[in-house]
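Right, one structure below, let's go through it.
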Protein chains: 4
Amino acid sequence: MQSRTPASRPGRPRSATADAAILAATREALVELGWSKLTLQDVAMRAGVAKTTLYRRWAGKNELVVDAVAELFDELRLPDAGSLAADIEGVVLQFAALLDRPECRSGLMAVVAESTRDEPLRERIRASVVERQKRLVVEGRSRAQARGELPPESDPEESARTIDLTFDMVAGAVVHRTLVSGKPADGPWIRSFIRVLLLGLSAPA
Amino acid sequence: MQSRTPASRPGRPRSATADAAILAATREALVELGWSKLTLQDVAMRAGVAKTTLYRRWAGKNELVVDAVAELFDELRLPDAGSLAADIEGVVLQFAALLDRPECRSGLMAVVAESTRDEPLRERIRASVVERQKRLVVEGRSRAQARGELPPESDPEESARTIDLTFDMVAGAVVHRTLVSGKPADGPWIRSFIRVLLLGLSAPA
Amino acid sequence: MQSRTPASRPGRPRSATADAAILAATREALVELGWSKLTLQDVAMRAGVAKTTLYRRWAGKNELVVDAVAELFDELRLPDAGSLAADIEGVVLQFAALLDRPECRSGLMAVVAESTRDEPLRERIRASVVERQKRLVVEGRSRAQARGELPPESDPEESARTIDLTFDMVAGAVVHRTLVSGKPADGPWIRSFIRVLLLGLSAPA
Amino acid sequence: MQSRTPASRPGRPRSATADAAILAATREALVELGWSKLTLQDVAMRAGVAKTTLYRRWAGKNELVVDAVAELFDELRLPDAGSLAADIEGVVLQFAALLDRPECRSGLMAVVAESTRDEPLRERIRASVVERQKRLVVEGRSRAQARGELPPESDPEESARTIDLTFDMVAGAVVHRTLVSGKPADGPWIRSFIRVLLLGLSAPA
DNA sequence: GCATAACCGAGACGGTACGTCACGTCTTCGA
DNA sequence: TCGAAGACGTGACGTACCGTCTCGGTTATGC
């Protein structure tokens, strides 16, 4: 099988499929081994790739896992269920399901832990996971404001603060419930959580 | 009648001072190296203790770190500041300060991450950190109920659920704010967080 | 001053049965584990004795094994089979059988090897094994001289040299055959060996 | 047609100089520490090589020491001193000198001792030391037969038995004299030994 | 007859080496 | 020119024994 652009560069062209194979192999290894027993050696073997290829593209295990996990979060969708409460319930259920997948549980908290002593890693997480998914809060809020369920924005700076607070509260509570308390973030729990949250958020500032 | 007096066991008893020295050395190593670069070798050296002594008392790095970090949480106190909001603000400030200490940041999330694949470890965390500190929520609630700031308990089961929810929301939000969003859980943020929280919690069920 | 009367010492006397149990346990461990995997820990356990008891009586593994093996050599007997050749054949067969017992094979060469860097150990081996068994050569010679099979002694110094040479040749050849060449020192081999040996020894000086 | 050319294997080839450095370091360590205190850790350090490199090439301490010692034996030469007795005296003197070198004393008996419980090790010793040096006996015999000092071979099987016997008697006696009796295998002893040996061997079967 | 003193078992202690594993780098060959 | 294969130095792992040291408890003699 000849390459697609034979005249573009001399030498052997880079394998186009390698990146996807590596990230998939990383998730597979996370499922079977967890973060602390995951090995670049092993990932390379699963991906059918040499160890050196990994080191050419990622600085280390942490960066690789962030990229592998970040892809999972793009699957989240904000449903339009008719009300703010129902919308949130929908997305939180998806989030809880995501946190139940072992490739996510194992990897996410581990890289967050590593990021406490590695500022570039924290930035990478923020950029490719946190800020990227804040879209869900933004969209949910504007949809609720259109419905009149939330007061319209006054100050844009105040608005950003509220979005941040909402995101920290939702993500934090679900993560804590799931990974620390070790209890399921199921329908009843989510509904009681949303009740408390919305009562607070919908009150006039 | 207590039959489990360890003094009755034959053989040389374990050094009483070693435990404290080891836990202190662990925290010191967490500050300087972080969880992933922390080595039992190194901890033993800092504590002036042989590596084998560590393995005699703890199953591994995870268990050791849990115990070292758990001691920090016992420093938390619920102040009596006159109102529920002020009480919470006080304790959350302490919690935020704790999460700012590198021995806590590095260690806590890491063992939580490990616990996603290690049920006994999760139980150890729950018992020596989570359940142990739930006392703060319980005391804060009963104090607020005495003041009339919260409705009195009706169903004890319902009460337990509320305590759990409160704990997950408070701890989760502060942790997420501090370690994931990477922004300070300072006075203004805490006050806006408490406003939302208390509006939701104080509403009649 | 009474130093050689252990009965007069105050305090609890050493257990008399312990020594025998320890040496037997040592041989048992040699059979099962061999010298290099033999552990004082393990010997103590087998003998139903504390590790400290071993250290009170022997300086270390080497000394213990020498004593355990030396006892085996006292079982050797010089048979009276009517001729020098037959006498030697009888004792060499016994010696070969001894070297086939694993507690002897494993232990003997190992302590000889250790003794190359431990002069006191070499002396202990010499005293409790080599010189002690030289009795067999001495008795065999004098019996053969009485029969007229060997020339009578002239110079006592010359005689000592011949005894030493004979012992080195007999013991050396059997050990080398058995342990290095790894072939059995059986009847045919022994007879051809004795033929060569006696032709040389019986010739006039 | 040689297909086992190691040059054709993929990947980085093994360092050629490492083997020699490791064996030399092993002998050096044998001189200074003896077999039982010799450490692969230490050998690796002396050779300027990582411990893992040792384990990649040798199964353990025993195999390494066999190879290190075997090289020493290739230095033995059979001199042509004009007569069988003088030839033997020459080579036995060399052998005795070899057994006086601490790297040989310490190592040789130790691996022989280990080989009593390790059949592959015994084979390795046999192949790389015993059988390899039997050349000296073979050459000495044929030279003596050419001179008419020994009867010519009749039966080739009988001849093999005689070679084996000779080797066991010579090597065994010298080793026993040197390492067990702890007395020097010097000129006078060697000559009296050879007298006995040759009288026996030169007699007609 | 009862204190004294050496013994005993048990087992924790500071060490040291083990043999393995993964790291991240390097060298070689083949495509 | 890139990638696979794999050897390399490094360093931590968790285990096993070492030889020493407390412990509480057990015999013997000798005052």
Side-chain angles (χ1 to χ4, degrees), chain A residues 3 9-15 18 36-45 48-57 59-61, chain B residues 7-16 18 36-45 47-61, chain C residues 6-15 18 37-45 47-61, chain D residues 6-16 18 36-45 47-61:
Chain A
S3 74
R9 266 194 308 183
R12 182 169 171 175
R14 268 195 174 179
S15 163
S36 66
K37 298 198 183 298
L38 179 148
T39 285
L40 292 202
Q41 197 99 278
D42 186 83
V43 170
M45 209 127 52
V49 140
K51 205 170 41 156
T52 39
T53 301
L54 283 183
Y55 283 104
R56 246 175 243 122
R57 305 183 187 195
K61 182 162 141 174
Chain B
S8 68
R9 290 190 314 180
R12 178 172 171 176
R14 291 195 169 162
S15 162
S36 65
K37 298 199 183 299
L38 180 149
T39 286
L40 292 203
Q41 204 105 290
D42 184 83
V43 170
M45 209 130 51
V49 140
K51 197 172 48 150
T52 44
T53 299
L54 284 184
Y55 283 103
R56 256 177 232 118
R57 307 184 184 200
W58 284 276
K61 181 162 141 175
Chain C
S8 69
R9 287 190 310 181
R12 178 174 174 176
R14 288 191 173 163
S15 162
K37 298 198 183 296
L38 180 148
T39 285
L40 292 203
Q41 200 101 281
D42 185 82
V43 170
M45 208 125 53
V49 139
K51 201 171 42 153
T52 40
T53 301
L54 282 183
Y55 282 103
R56 248 176 242 121
R57 306 182 186 199
W58 284 276
K61 180 164 142 175
Chain D
S8 70
R9 290 189 315 180
R12 177 174 173 175
R14 288 194 170 163
S15 162
S36 66
K37 297 199 184 299
L38 180 148
T39 284
L40 292 204
Q41 205 105 289
D42 184 83
V43 169
M45 208 131 49
V49 140
K51 196 172 47 151
T52 44
T53 298
L54 285 184
Y55 283 103
R56 259 178 227 118
R57 305 182 185 201
W58 284 277
K61 181 163 141 174

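Protein chains get the first letters and strands the later ones, always in sequence-line order, with residue 1 at the start of each.
Distance check: B/Lys37 NZ to B/Thr39 OG1 gives 9.5 Å after rounding to the nearest 0.5 Å.
Across the protein-nucleic acid pair, A/Gln41 atom CD and F/dA5 atom P stand 12 Å apart, rounded to whole Å. When rounded to the nearest whole Å, the span between CE of A/Met45 and C1' of F/dG6 equals 12 Å. Note: NZ (C/Lys61) to P (F/dC17) measures 10 Å, nearest angstrom. In this structure, the CG atom of C/Leu54 is 14 Å from the P atom of F/dC17, given to the nearest Å. What separates CG of B/Asp42 from P of F/dA12 is a distance of 8 Å, to the nearest Å.
Looking at which nucleotide of DNA chain F each of B/Ala59 and C/Leu40 is closest to, the 5′-most match is held by B/Ala59. Looking at which nucleotide of DNA chain F each of D/Arg14 and D/Ala50 is closest to, the 5′-most match is held by D/Arg14.
Every salt bridge (charged side-chain N to carboxylate O under 4.0 Å, His left out) that C/Arg57 has, sequence neighbours left out, goes to C/Asp19. Taking the side chain to side chain donor-acceptor pair (under 3.5 Å) definition, one finds that A/Thr52 meets it with nothing, sequence neighbours left out. Remark: D/Arg12 pairs with no residue by the salt bridge (charged side-chain N to carboxylate O under 4.0 Å, His left out) rule, at least two apart or across chains. Annotation: side chain to side chain contact (heavy atoms under 4.5 Å, CB included) contacts of A/Ala59 (sequence neighbours excluded): A/Glu63. Checked against salt bridge (charged side-chain N to carboxylate O under 4.0 Å, His left out), D/Arg56 has no partners two or more places apart in sequence or in another chain.
As judged by a 4.0 angstrom heavy-atom cut-off over every strand, D/Gly60 is placed among residues making no nucleic acid contact.
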Protein and nucleotides 20-22 of chain F: nitrogen or oxygen contacts under 3.5 angstrom:
from   : atom 1 : to      : atom 2 : distance (Å)
F/dC21 : O2     : B/Arg12 : NH1    : 3.1

